[in-house]
Amino acid sequence: METEAYRGEDDPGSHASRGPTQRNRVMFGPGGFLYVYFTYGMHFCMNVVTEGGGASGAVLIRALEPIGGIETMNRLRGGREIRELCNGPAKLCQALGVTRELNGLDLTGDMMWISDDGFRPGAIELSSRIGISAGRDKPWRFFVAGSPFVSPGKASPVRTHPILRRR
DNA sequence: TTCGTGATACCC
DNA sequence: GGTATCACGAAC
């Protein structure tokens, strides 16, 4: 599991850094909604909007550990190993069938939602964010330490989260 | 490391 | 209108 945090106009790495546009308008809406964007001519990526109240911000979902629905995800991604199904932000959108049609979806509805399944990571590590040219200084990429299901992209430095460390 | 692929945003 | 850039992935 892996995420990245993106803030608003104070974060040069964020889509929201230059204010609201047609593309990023969902980021400026209420929290708990899905922000899906299209990039590089062929990829979708998904975020959870976090702020609301006129501010902007979102969490990019970069990797997931497949728990169920493996058959379906395999079909959507052309038959790959389980660890290759959701280990990247565009890969997981393909595996889950997330496209621009779901931009703005209410994540408190009954189509897609986030819930606590009881899993607790041993430790969470953080690093700089992947694939951005501005805002590399902020260590806002979070991932489960030692998980084989995080994206292959290398970022440094990597360090253990000072608060979320366990045991 | 290179390239596919096209929307987006911002500059005229 | 033109064009540089892009929160990526797969194949070299």
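All chains are named by letter (A, B, ...) in the order of the sequence lines, taking the proteins before the strands, and each is independently numbered beginning at 1. All of these numbers come straight from a predicted model, not from anything done at the bench.
Within 4.0 Å (heavy atoms only), A:Gly135 reaches no atom of the nucleic acid at all. Contact annotation for A:Arg141: no contact, since no heavy-atom pair falls under 4.0 Å across all strands.
With hydrophobic clusters built from ILVMFWY side chains whose heavy atoms lie under 4.5 angstrom apart, A:Val98 shares a cluster with A:Ile61.
Atoms CD (A:Glu2) and P (C:dA7) sit 16 Å apart, rounded to a whole Å. Straight-line distance from the OH atom of A:Tyr6 to the C1' atom of C:dC6: 12 Å, rounded to whole Å.
Listed by residue number, A:Arg18, A:Thr21, A:Arg23 are the residues of residues 17-24 of chain A with a heavy-atom contact under 4.0 Å to DNA chain B. Within residues 27-40 of chain A, the residues having any heavy atom under 4.0 Å from DNA chain B are, by residue number, A:Phe38, A:Tyr40.
One finds no side-chain N or O of A:His43 lying less than 4.0 angstrom from the OP1 or OP2 phosphate oxygen of C:dG9.
With C:dA7, B:dG4, C:dA10 as the candidates, the nucleotide lying closest to the side chain of A:Arg62 is C:dA7.
Nearer to the 5' terminus of DNA chain B, by closest-nucleotide assignment, is the contact made by A:Met42 (compared with the other of A:Arg100 and A:Met42). Along DNA chain C, the nucleotide closest to A:Arg80 and the one closest to A:Gly131 are compared, and the more 5′ of them pairs with A:Gly131.
Stacking of A:Arg129 on the aromatic ring of A:Tyr6 is recorded, both the 6.0 Å distance cut-off and the 45° axial limit being met.
The aromatic rings of A:Phe44 and A:Phe38 sit tilted, their planes meeting at an angle between 30° and 60°.
Residues A:Phe28 and A:Gly19 share a closest heavy-atom pair of CZ-C, 3.5 Å. Closest approach of A:Leu85 to A:Ala95, counting heavy atoms only: O-CB, 3.5 Å.
Pair assignment for C:dC6 gives B:dG6, based on Watson-Crick or G-U wobble hydrogen-bonding distances that are each under 3.5 Å.
When only modelled atom types and interatomic distance are considered, A:Thr3 and A:Arg62 share no side-chain donor-acceptor pair under 3.5 Å. Side-chain contact of A:Glu51 with A:Ser56: a donor-acceptor pair under 3.5 Å is absent, judged by distance alone.
Salt-bridge formation is detected for the pair A:Glu84/A:Lys91: a Lys NZ or Arg NE/NH1/NH2 atom is positioned less than 4.0 Å from an Asp or Glu carboxylate oxygen.
Checked against the 6.0 Å centroid threshold, A:Tyr35 and A:Phe33 do not count as a close aromatic pair.
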